[in-house]
Each structure stands twice: as structure tokens, then as C-alpha cells.
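Every chain is numbered from 1 and lettered A, B, ... according to where its sequence line falls, protein lines coming before strand lines. Computed from heavy atoms alone, side chains included, the values below leave out hydrogens, waters and symmetry copies. Predicted model only: the values in this text are computed from it and were never measured.
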Protein chains: 2
Amino acid sequence: MLPEHIPVTGGTVSELPPVEHRQGECQAIAPIFARIGDKWSMLVILILATGPRRFNELKRAVSGISQRMLTLTLRGLERDGLVSRTVFPTIPPRVDYELTPLGHSMREPVIQLGDWASSHLAEIKRAREAFDSRDAE
Amino acid sequence: MLPEHIPVTGGTVSELPPVEHRQGECQAIAPIFARIGDKWSMLVILILATGPRRFNELKRAVSGISQRMLTLTLRGLERDGLVSRTVFPTIPPRVDYELTPLGHSMREPVIQLGDWASSHLAEIKRAREAFDSRDAE
DNA sequence: CCGAATCCACCACGATACTG
DNA sequence: CAGTATCGTGGTGGATTCGG
């Protein structure tokens, strides 16, 4: 399903696919990106990629998220069919969240992005500082 | 970079890395995700992955984006060292945007996510409709 | 322990108009 | 063509409280 990626080596710019190819695509995937590309969704997916978790486990793992945003984020992911919610009517109550097959199919792309982010953290930090000090003139 | 150096815990048999491993990571990558995971950044990266573009080319390609948000998005990506901005002092003026080496390194993860999104568009749509009709009771 | 609900500040974002 | 400026608004997201 994944199209062969453009070879980087020795390629000229003209060998890149025309914009139009992506252009139509953009129309379609923009809403998806706008949805999963919020502040928390991908982090939650990233955590759930390690296995099912309870609500407060998630809250602890995704440090900094508020209870409300975690609820809303999970609700959104559930709506999109990426996460399933299982309630155990015990006392105390217990709710497990885990990736659905669809959510599971998203694991690899998200993990890759996460890996990219953590590998290039320092570079980005430096770029920011350089930019900020440069425009402070 | 992931599963290799993860120490084996107790007797549990799991291919998945423990949460704790991701947990510390999350702290660090949350800001990055919050940054690139806004409404437009990844789409712009996706377009620029096909080669350098001028401002209005981008505006047309990323359908639906306002002039203001494109400017802000590009400025943010530039600040993060992902995109470079080249001004040609001609008349009419011309400004080219293209991926930096750092931005280039992000191409593959973003393209993968884009591919994932476009492949599962229909599934997500169906999941949403199912969810919405189910909670409309 | 899990999560819904309310209140509220802020800023993300879009629309529009204006400049070099 | 490539922005900047300004303003208005809806939504995001935090703090807190309540319920099951």
C-alpha cells in the first residue's frame, strides 16, 4: 500500500513527483492530520503502543496532560476507531484503553515519528535558539 | 533505537517495551509533537517533500490554509530548522521555501503517516459515523 | 478510582484590509 | 507576489467540583 519512496541519492529535484499528486491527497488527509495532530493524540497512541493501559496509568505516562484533555483525547480516538474502551464494573471501577486493529496499524508511523523527534531533539533546540538569538537584533 | 537495549523485566513475556521507557521520552518529545502536530505543519512538510515551493504555490497546494496561518506555520518550521527561506529581491518578489537537511530527515516519517492517513481514510470515516449514530440515542 | 460537568481565560485561527 | 496589521470569535485547555 505504501508507495515507493523517492530515492534520495543522486536524484535531482525534477524527479520528485509533481505537487498535483499530493495536492488532491491533501484535501483528504488534512482533516485527519488536524485530528490526530492535536496536542496529545499521538502521544497517547505512542503510550498505548506499549499495551493496554488504565486511565490513570495514561495520565501518569503522558505527563502534563490534564484529566479533561485526556478524557477528550481518548473520546476522540475512540470515535475515530483507533482506541477501544473497556469498562470493568468492579469496585473500584476500572477502565482499560487499548489500540484497536485500526489503531494498531497506526503504531509504526507514529513510533517512527516519535523516534525521529527524540533523535533530533537537540538539533531542533539548537535551531530554535539560533533563530531566536538571530532575530533579537 | 528502540527495543534493543531494553532490559528484560521479571518473567513477563512481552515484545512490547515497558511504559517507563516511553514515559521519560514523552516528557521530551511532547513539545515537539505539540509543535509539529498542529493543524498545518505536517501538511506543509508533506508538500515541501516534493521539492521547493514558492509561497503561493504552497498556499494553493495546502488547500484551506489562510495566508496568515501559512506565514506563521512557515515561520515556525523555519525556527525549528526544518525549512529554509530564500528571498529573491526581484520584482515581483519571490520567496522559495525548501526542506533543510533536518527537515529532509523528517520526510520519511511524515510521508509514512500521510500514507497511513490516506489508506485508512474510509475506515476512520466509517468509525466516526458508527460512533456518532450510536451515541445519538 | 474513573470520569463527567461546569466555569473561564486565552490564543489559534480566519477574514479582511493594507504595505513594499 | 509576499507578506504584515488588526480585529472578532470559537474552540482549546486548565482548575475545580461533583457523581458513580
Check your understanding: For A/Arg54, which residues count as a side-chain hydrogen bond (donor to acceptor under 3.5 Å, both in side chains) partner, sequence neighbours excluded?
Key -> none
Check your understanding: Expressed in angstrom and rounded to an integer, what is the separation of B/Ile91 atom CD1 from D/dG3 atom P?
Key -> 15 Å
Point to revise | Residue list, side chain to side chain contact (heavy atoms under 4.5 Å, CB included) with A/Glu129, at least two apart or on another chain | key: A/Lys125
Point to revise | Residue pairs fulfilling side-chain hydrogen bond (donor to acceptor under 3.5 Å, both in side chains) with at least one residue in residues 76-93 of chain A, sequence neighbours excluded | key: A/Arg35-A/Asp80, A/Arg79-B/Asp132, A/Asp80-B/Arg128, A/Arg85-A/Tyr97
Review point. Does A/Arg85 make a side-chain N or O approach to OP1 or OP2 of C/dG3 shorter than 4.0 Å?
Key: yes
Exercise for review: Identify whether B/Ile91 and B/Val95 are in the same connected component of the hydrophobic contact network (ILVMFWY, side-chain heavy atoms under 4.5 Å).
Suggested key: no
Check your understanding: Tell me: CG of A/Asp96 to P of C/dC2, nearest whole Å?
Key -> 9 Å
Practice item. Starting from C1' on D/dG14, measure out to NZ on A/Lys59 and report it in whole angstrom. Key: 11 Å
Review point. In whole angstroms, how far is the P atom of C/dG3 from the CG atom of A/Leu58?
Key: 9 Å
Study note, to complete from the structure: With B for base contact, S for sugar-phosphate-only contact and - for none (protein heavy atoms under 4.0 Å), nucleotides 11-20 of chain C reads --BBB----B
Review point. Could you state the interatomic distance from CD1 (A/Ile29) to CG (B/Leu46), rounded to the nearest 0.5 Å?
Key: 5.0 Å
**Study point:** Atom-pair distance (CZ on B/Arg53; P on D/dA2), nearest Å
**Key:** 13 Å
Point to revise | Closest approach of B/Trp116 to A/Pro109 (non-hydrogen atoms, all atoms of both residues) | key: CB-CG, 4.0 Å
Study note, to complete from the structure: Taken to the nearest 0.5 Å, the spacing of B/Leu58 CG from B/Leu74 CG works out to 6.0 Å
Exercise for review: Classify the nucleic acid contact of A/Tyr97 as base, sugar-phosphate or nothing, counting any heavy atom under 4.0 Å across all strands shown.
Suggested key: sugar-phosphate
Study note, to complete from the structure: The nucleotide from C/dC1, D/dG3, C/dG3 with an atom nearest the side chain of A/Pro92 is C/dC1
Review point. Are B/Leu82 and B/Leu48 side-chain neighbours, meaning at least one heavy-atom pair lies under 4.5 Å?
Key: no
Check your understanding: What pairs meet the salt bridge (Lys or Arg N to Asp or Glu O under 4.0 Å) rule with one or both residues in residues 87-104 of chain A, with sequence neighbours excluded?
Key -> A/Arg94-A/Asp96
Revision key, fill the gap. Dot-bracket assigned to DNA chain D with the 3.5 Å Watson-Crick/G-U criterion, [ ] for crossing and | for other-strand pairs, is ||||||||||||||||||||
**Study point:** Nearest-Å distance for atom pair CG/P, residues A/Leu70 and C/dC1
**Key:** 15 Å
